Engineer: 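Got a structure for you, questions after.
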There are 2 protein chains.
Amino acid sequence: MRLNHAELLTRFRRHAVRLTRQRAAIYTALAETTSHPTADDLYQTVKRQHPMMSRNTVYYTLGVLQQAGLVQEVNVGHEVARFDGNVTVHHHLICLGCRQIVDVMDEGLNQLAVSNGQARGFRILGHRVEFHGYCAGCQRGKLDVP
Amino acid sequence: MRLNHAELLTRFRRHAVRLTRQRAAIYTALAETTSHPTADDLYQTVKRQHPMMSRNTVYYTLGVLQQAGLVQEVNVGHEVARFDGNVTVHHHLICLGCRQIVDVMDEGLNQLAVSNGQARGFRILGHRVEFHGYCAGCQRGKLDVP
DNA sequence: ATGCTATGTAGGAATCATTCCTAGGTAGGG
DNA sequence: CCCTACCTAGGAATGATTCCTACATAGCAT
Ligand SMILES: [Mn+2]
Ligand SMILES: [Mn+2]
Ligand SMILES: [Zn+2]
Ligand SMILES: [Zn+2]
């Protein structure tokens with residue numbers, strides 16, 4: 001998805017976030033990929049155009065964008081944090097071999113609920129589904145998938 | 001759930017794990033609670049009966065038990081690791097206020113699948129569902145749940 | 001029972017993603 | 001165009017987890 005400066009400005013204004021060169025670069029890099037990169041992946045990408053960029057700015061900016069709802073964090077187990085520029089409701093497929101994360105858009109999964117008997121008085125605001133398995137490429141490598 | 005020594009020995013033998021005093025203490029503490037404690041919670045609990053217990057032994061043992069399938073790790077976002085002595089298939093309710101984790105046993109949730117169109121060639125081995133919300137206690141504290 | 005050896009344990013050091021601190025720098029409302 | 005609230009860069013600090021290593025022990029074989 002190509003993001004021009006006008007669209008960028010619109011989104012940042014809508015979420016009341018100040019737009020800077022660094023933020024534009026970080027957000028654009030994230031919004032234009034579906035690979036769920038780590039903070040360091042983004043730092044490496046963005047540094048090519050902005051050699052002075054600090055790793056700290058990447059972390060700080062991701063925090064700001066996340067609180068504003070422009071970005072979300074997608075953590076898999078205890079691995080390093082992964083980020084997602086797609087903030088629509090969706091779920092993920094995780095490859096146990098290469099650790100890639102693939103989006104799953106499925107209206108059925110968005111409708112899950114806990115039966116009242118199990119809800120224990122919780123007020124539920126959302127949910128998250130992760131499917132674990134092996135991608136096509138990783139299945140070829142190892143015939144006996146555990 | 002009360003766990004006697006004979007039952008403990010049976011479980012460890014079945015999973016081919018050597019039984020020691022430390023492992024018995026750690027596993028018992030975890031299997032007898034439904035609170036999904038952290039490694040440090042377990043260390044603090046077990047240290048009361050075993051003052052010489054090392055924190056490292058707790059981590060190492062949890063790793064061994066996990067690989068053997070006697071224990072599982074339940075991570076919420078990027079918080080410290082939480083452990084679960086319940087290795088049957090089940091899912092979780094997570095309180096955004098007090099961070100407690102509550103078990104959800106629901107046969108319907110165990111049957112989820114990804115439509116072929118979305119599976120992208122993955123061979124899926126399992127899935128995990130997390131519901132996020134506020135527990136009864138945390139709802140009372142703050143009238144405007146976000 | 002006793003001894004052997006693979007395996008486990010304790011304690012301390014090391015790791016490393018993330019957060020904290022602080023002294024400049026800059027976006028953008030007025 | 002000018003303030004100033006907010007941002008950035010760089011370095012230090014943090015803290016859960018892992019690594020290292022010398023000593024201890026469970027469980028098998030004698
Ligand atoms: Mn995604
Ligand atoms: Mn559980
Ligand atoms: Zn893969
Ligand atoms: Zn709560």
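Owing to the predicted nature of the structure, the values given are computational and were not obtained by experimental measurement. Every chain is numbered from 1 and lettered A, B, ... according to where its sequence line falls, protein lines coming before strand lines.
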Engineer: Any sub-3.5 Å donor-acceptor pair from B:His36's side-chain atoms to B:Arg82's backbone N or O?
Structural biologist: no
Engineer: Given that B:Asp40 and B:Val17 both sit by DNA chain D, which one's nearest nucleotide is further toward the 5' end?
Structural biologist: B:Asp40
Engineer: What is the distance, to the nearest angstrom, from the CD1 atom on B:Ile26 to the P atom on C:dG8?
Structural biologist: 12 Å
Engineer: Identify which nucleotide among D:dG10, D:dC7, C:dG11 has an atom closest to any side-chain atom of A:Tyr60, counting heavy atoms from C-beta outward.
Structural biologist: D:dC7
Engineer: Side chain of A:Val80: nearest nucleotide among D:dA26, C:dT18, D:dC7?
Structural biologist: C:dT18
Engineer: Hey, which of these two, B:Arg13 or B:Ala81, hits DNA chain D nearer its 5' end, going by closest nucleotide?
Structural biologist: B:Ala81
Engineer: How many Å lie between CG on B:Asn75 and P on D:dA16, as a whole number?
Structural biologist: 14 Å
Engineer: Touch check for B:Thr38, heavy atoms < 4.0 angstrom, all strands: base, sugar-phosphate only, or nothing?
Structural biologist: nothing
Engineer: Check step by step if side chain to side chain contact (heavy atoms under 4.5 Å, CB included) holds for B:Leu62 and B:Ile26.
Structural biologist: CA-CA 8 Å; B:Leu62 287 170; B:Ile26 294 165; 4.2 Å; yes
Engineer: Roughly, in whole Å, what's the span from NZ in A:Lys47 to C1' in D:dG10?
Structural biologist: 13 Å
Engineer: Measure the acute angle between the ring planes of B:His91 and B:His127, then classify it against the limits of 30° and 60° as parallel, tilted or perpendicular.
Structural biologist: parallel
Engineer: Would you say B:Thr57 reaches C:dA10's phosphate, i.e. side-chain N/O to OP1/OP2 under 4.0 Å?
Structural biologist: yes
Engineer: If only side-chain N and O atoms of B:Thr20 are considered, is one of them under 4.0 Å from the OP1 or OP2 phosphate oxygen of C:dT7?
Structural biologist: no
Engineer: To the nearest Å, give me how far apart OH (B:Tyr43) and P (D:dT17) are.
Structural biologist: 14 Å
Engineer: Any side-chain to backbone donor/acceptor pair from B:Gln72 onto B:Asn86? Under 3.5 Å, distance only.
Structural biologist: yes
Engineer: B:His50 NE2 to C:dT9 P: how many Å, rounded?
Structural biologist: 11 Å
Engineer: What nucleotide, of D:dG10, C:dA27, D:dT17, holds the atom closest to the side chain of A:Ser54?
Structural biologist: D:dG10
Engineer: Among the candidates C:dT18, D:dT17, D:dC20, find the nucleotide nearest to the side-chain atoms of B:Asn56.
Structural biologist: D:dC20
Engineer: Hey, are B:Glu79 and B:Arg99 close enough for a salt bridge, meaning a charged N less than 4.0 Å from a carboxylate O?
Structural biologist: yes
Engineer: Nearest of C:dT9, D:dA26, C:dT18 to any side-chain atom of A:Arg55?
Structural biologist: C:dT18
Engineer: Considering only side-chain heavy atoms of A:Tyr59, which listed nucleotide, C:dA17, C:dA6, D:dA9, is closest?
Structural biologist: C:dA17
Engineer: From the set D:dA26, C:dG28, D:dT8, return the single nucleotide nearest to any side-chain atom of A:Arg18.
Structural biologist: C:dG28
Engineer: Can you tell me how far C1' of C:dG25 sits from CZ of A:Arg21, to the nearest Å?
Structural biologist: 12 Å
Engineer: Nearest to the side chain of B:Gln22, which nucleotide is it out of D:dG10, C:dT9, C:dG11?
Structural biologist: C:dT9
Engineer: Would you mind reading off the distance between A:Leu42 atom CG and D:dT8 atom P, rounded to a whole angstrom?
Structural biologist: 15 Å
Engineer: A:Leu19 has an atom CG; how far is it from atom C1' of D:dT8, in whole Å?
Structural biologist: 15 Å
Engineer: Can you work out whether B:Val64 or B:His78 has the more 5'-proximal nearest nucleotide on DNA chain C?
Structural biologist: B:Val64
Engineer: Are there over 12 heavy-atom neighbours, none belonging to A:Gln67, within less than 6.0 Å of that residue's CD?
Structural biologist: no
